[in-house]
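Heads up, the thing below is written out as structure tokens.
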Amino acid sequence: MSTQLIRPARSLQGSLTVPGDKSISHRYAMLAGLAEGTSRLSNFSTGADPHSSLACMEALGARVLHNPDGTIEITGVSGSFRQPAALLDCGNSGSTMRMLTGLIASHPHTFTLTGDPSLTLRPMERIRNPLIQMGAKLYLTLREGDQQGHAPITIHGTPLRAIDFTTPIPSAQVKTAVLFAGLQAEGTTSLSESILTRDHTEHALLAFGATLTRTYARVPDQPARLSIPGGQRLHAIDATVPGDISSAAFFLCAALLFPDSNLVLDSLGMNPTRAALLDVIAALGGKIKVLAVEERHGELIGTIQMNSAPANRAPAAATTPFLIDGPLTAQLIDELPVLAAIAPFTANGLILRDAQELRVKESDRIALVAKNLRAMGANFTENPDGLEIPGNQTLHGASIDSGSDHRIAMAFAIAALRATGDSEIHGAEAAAISFPEFFTSLDALAQR
Ligand code: S3P
């Protein structure tokens, strides 16, 4: 386990290109692996998680080439995965495990998907339920005392039939597992979401040549109903993965902590289903200017500049804590740890509700945020579904436990910038799951 020392800072200045989006990298890796032809992907995520997806694609018969210029070429299996010689190792990646299960369930082989200790504790019934309705032969592992099944997952591949499914919990991974299975099933699969989640799968499927229809409700912000005909073939693409806004979130939150910060982020993914953070940053006093924006394969990529309000001109309007609940909680799911970690330094604090999903991520993120806020001397209340964190607090440096969770390690490295005194982040190496360059970038941008 590695420990990073974080000294307090006085400002955040500079420009940054964050690594390629983790969610999009997974989807491009998997669809390129299934497609016919060679896809060329630039700015593929440097995080360990999407590389677990790439390794699984290789084990399933795709050819993966890592070029010296950083691009990745994937030659797909033209619709027919091969029998892997060993277990499919998904590492720490829930996205790999859940989405891949949907992608391979109809292929006529036996697969076992496994992962690290954190992944084998995470809920998997959520994908088993729709996939067995489709006819999948899929078995979870039940350990002593388990009410619910977990990984390792064993699949005996068999033809699937279409279903009409409504996601009971907001989860883009579950939506993706069903759409990937539907793409290869018999008949047309329909899917409705109770709450709109990130729509990268929809864009990626269209980019790889699939037919997918979205019927929008007449009420704004309501999720679309999706229909995907089965038996489809995909074709390779050339694509650039946009920068990961969930990685950029750490730096946007850091900039918010200091008056007169100035941060420019380029090639940043700004998909509207992922960009709620920008509104939150603005509501908390950050000024965001969009300097450029374009669309590639349905994804928005832009350059933004963020300045925080000078100390003497902080926003005065709001006096109540900033509330995150309902659909906003789902849209900010990966940014919640860092928002909670910096909440004590905001003017009015934060109330987070409806976030019970955070308890079943790479760690129990509510418990670990609480543990580390407590270590820094913060005053707050922990609830089963969230946290209430008053603002305007002074925290001291502390010994931080990442719990081997990448987002906890990075969230508290940011909070530590505003502490009085040094902090130590234990288990800092977890950052490499999504953002291996995080500590180097932080060092370059934090002014001391
Ligand atoms: C992801 C969806 C979210 C998110 C995860 C990536 C995706 O998980 O937390 O980091 O790429 O679809 P859930 O689908 O479990 O909410």
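Counting starts at 1 for both ligands and their atoms, following the listed order.
Near Ala172, with a cut-off below 4.0 Å to any heavy atom, the atoms of ligand 1 are 12 (O), 14 (O). Below 4.0 Å from some heavy atom of Arg98 lie the following atoms of ligand 1, by number and element: 15 (O). In the vicinity of Asp334, heavy-atom distances shorter than 4.0 Å reach the ligand 1 atoms 4 (C), 5 (C), 9 (O), 10 (O). In the vicinity of Ser171, heavy-atom distances shorter than 4.0 Å reach the ligand 1 atoms 13 (P), 14 (O), 15 (O), 16 (O).
Of the candidates Thr303, Leu265, Val264, Asp266, Ser15 forms a side chain to side chain contact (heavy atoms under 4.5 Å, CB included) with just one, namely Val264. The side-chain hydrogen bond (donor to acceptor under 3.5 Å, both in side chains) test with Glu202 singles out one residue from Arg214, Lys175, Arg27, and that residue is Lys175.
By heavy-atom distance, the residue among Met99, Arg27, Arg365, Lys175 lying nearest atom 12 (O) of ligand 1 is Arg27. Here atom 16 (O) of ligand 1 lies nearest to Lys361 when heavy atoms of Arg274, Lys361, Glu357, His26 are compared.
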Can you give each donor-acceptor pair under 3.5 Å made by side-chain atoms of residues 178-191, sequence neighbours left out, with the distance rounded to 0.1 Å?
{"unit_1": "Gln184", "atom_1": "OE1", "unit_2": "His107", "atom_2": "NE2", "d": "2.6"}
{"unit_1": "Gln184", "atom_1": "NE2", "unit_2": "Leu103", "atom_2": "O", "d": "2.9"}
{"unit_1": "Gln184", "atom_1": "NE2", "unit_2": "Phe180", "atom_2": "O", "d": "3.0"}

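Under 3.5 Å, the side chains of Arg225 and Ser192 contain a donor-acceptor pair of N or O atoms. Side-chain polar atoms of His406 and Ser434 form a donor-acceptor pair below 3.5 angstrom.
Under the 4.0 angstrom criterion for non-hydrogen atoms, Thr176 is not in contact with ligand 1.
Polar contact check, Val174 against ligand 1: no nitrogen or oxygen pair lies under 3.5 Å apart.
In this structure, Arg407 and Ser246 have side chains that are in contact, with non-hydrogen atoms separated by less than 4.5 Å.
Of the heavy atoms in Ser95, only side-chain atoms (C-beta onward) come closer than 4.0 Å to ligand 1.
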